[in-house]
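Accompanying notes for the structure given below.
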Amino acid sequence: MNLLRTFNATLARRPLATQVIVSGAVCGAGDAFTQYLTGQKSWDYMRTARFTCLAAVFIAPPLNVWFRVLERVRHSNRHVQVFSRMSIDQFMFSPFFNAIILVNLRLLEGFSFSKSVDKMKNDWYDVYTSSLRLWPAVQLINFYFVPLNYRVILIQVVAFFWNSWLSFKTQTPALEDPTMEAPAQYKED
């Protein structure tokens, strides 16, 4: 119980730093979990580092700001307010945010910007439409029941499983895709 109290105090004192650390750890764990489940012969720690960096640098900070922006969406009817926030999040923010995440993931893998955009275009529709099966329900729970500083953390807890799927979806070896030239670290000597 003391650990939970310390965590809550740290989250209250430094919400962004706490969210960044938790997000990076959960996302990295999701990738490591995927590698384990898919029976990879050895742990690709650089891949896990990329997913950790992606969450800590490119996901948690924007979400921290985004949830504060959504707090400004107000309505006298609580249900209208929550559904408005969820709709704005899922239909205005999420399509662009998913695209940015996919491009940044490929850049972290060493692809050029143009190749990263090409890979994003290949993956985006499946990732976004799949996200619509999960995230609207999560966001309804988030906006109805979860205090503001905990929202990024709830997202990352659910994202453990989402990131496992995303890792599986996006980490097909580049050499299996004949339209994409693999970054240097994936090329065979």
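Any value given below was found using the heavy atoms of this structure, including those in side chains, with hydrogens, waters and symmetry copies removed. Quick note: residue numbers are just sequence positions, from 1.
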Other residues, nucleotides, ligands: >12 heavy atoms within 6.0 Å of Y36 OH
no
Considering all heavy atoms, the nearest S131-N98 contact
OG-ND2, 3.8 Å
Donor-acceptor under 3.5 Å (Q40 side chain, S42 main chain):
yes
Of all heavy-atom pairs between L54 and L105, which one has the smallest distance, and what is that distance?
CD1-N, 3.9 Å
Please state whether the rings of F33 and F160 are parallel, tilted or perpendicular, taking 30° and 60° as the class boundaries.
tilted
Distance in Å, T52 OG1 paired with Y45 OH, rounded so as to fall on 0.5 Å steps:
13.5 Å
First locate atom CG of L16, then atom CZ of R14, and finally report the distance between them rounded to the nearest 0.5 Å.
11.5 Å
Would a 4.5 Å heavy-atom cut-off, applied to side chains only, mark S94 and Y128 as touching?
yes
Are any non-hydrogen side-chain atoms of F91 and L132 less than 4.5 angstrom apart?
yes
In one Ile/Leu/Val/Met/Phe/Trp/Tyr side-chain cluster, 4.5 Å: L134, F161:
yes
Smallest separation among heavy atoms of G28 and T48, with atom names
O-CG2, 3.3 Å
Within the distance-only criterion (no hydrogens, no angle test), does the side chain of Q35 pair as donor or acceptor with the backbone N or O of D44 below 3.5 angstrom?
yes
Kindly write out the residues that satisfy side chain to side chain donor-acceptor pair (under 3.5 Å) with T38, not counting sequence neighbours, or none if the list is empty.
none
Write down the atom of C53, the atom of L108, and the distance for their closest heavy-atom approach.
SG-CD2, 4.2 Å
Spatial distance of atom CH2 (W135) from atom CG (L140) [nearest 0.5 Å]
13.0 Å
One should read off an interatomic distance between L70 CG and Q81 CD, to the nearest 0.5 angstrom, of 10.5 Å
Of all heavy-atom pairs between C27 and A55, which one has the smallest distance, and what is that distance?
CB-CB, 3.3 Å
Which of these, L63, N64, V69, V65, sits in a side-chain contact (heavy atoms from CB on, under 4.5 Å) with F67?
L63
Run the side-chain contact (heavy atoms from CB on, under 4.5 Å) test on S116 and L107 for me, step by step, so that the C-alpha distance in whole Å, both residues' side-chain angles and the decisive distance to 0.1 Å come before the verdict.
CA-CA 6 Å; S116 297; L107 290 170; 3.4 Å; yes
Using a distance-only test with no angle check, is there a side-chain donor-acceptor pair under 3.5 angstrom linking Y150 and N8?
yes
Can you list the steps and then say if W66 with D89 is a side chain to side chain donor-acceptor pair (under 3.5 Å)?
CA-CA 9 Å; W66 178 241; D89 181 65; 2.7 Å; yes
Looking at D31 and R50, is any side-chain nitrogen of the basic one under 4.0 Å from a carboxylate oxygen of the acidic one?
no
Other residues, nucleotides, ligands: >12 heavy atoms within 6.0 Å of R68 CZ:
yes
Distance from Q156 atom CD to I21 atom CD1, nearest 0.5 Å?
13.0 Å
With the 4.5 Å side-chain cut-off for hydrophobic clustering, are V80 and F145 part of the same group?
no
Please step through side-chain contact (heavy atoms from CB on, under 4.5 Å) for the pair I101 and M120, ending with a clear verdict.
CA-CA 9 Å; I101 289 168; M120 178 274 297; over 6 Å; no
Shared hydrophobic cluster for V127 and F96 (ILVMFWY, side-chain gaps under 4.5 Å)
no
Check R151 with E71, please: is the shortest side-chain N to carboxylate O separation under 4.0 Å?
yes
First locate atom NZ of K119, then atom CZ of R106, and finally report the distance between them rounded to the nearest 0.5 Å.
4.5 Å
Has R85 got a side-chain atom pairing as donor or acceptor with V73's backbone, closer than 3.5 angstrom?
yes
Check P136 against Q90 and note the closest heavy-atom contact, atom names and distance.
CD-OE1, 3.7 Å
Consider only side-chain heavy atoms of I, L, V, M, F, W and Y, link residues closer than 4.5 Å, and tell whether Y144 and I153 are in one cluster.
yes
Between F51 and W43, is there a shared hydrophobic cluster once you connect ILVMFWY residues whose side-chain heavy atoms come closer than 4.5 Å?
no
All side chain to side chain donor-acceptor pair (under 3.5 Å) counterparts of T18, not counting sequence neighbours
none
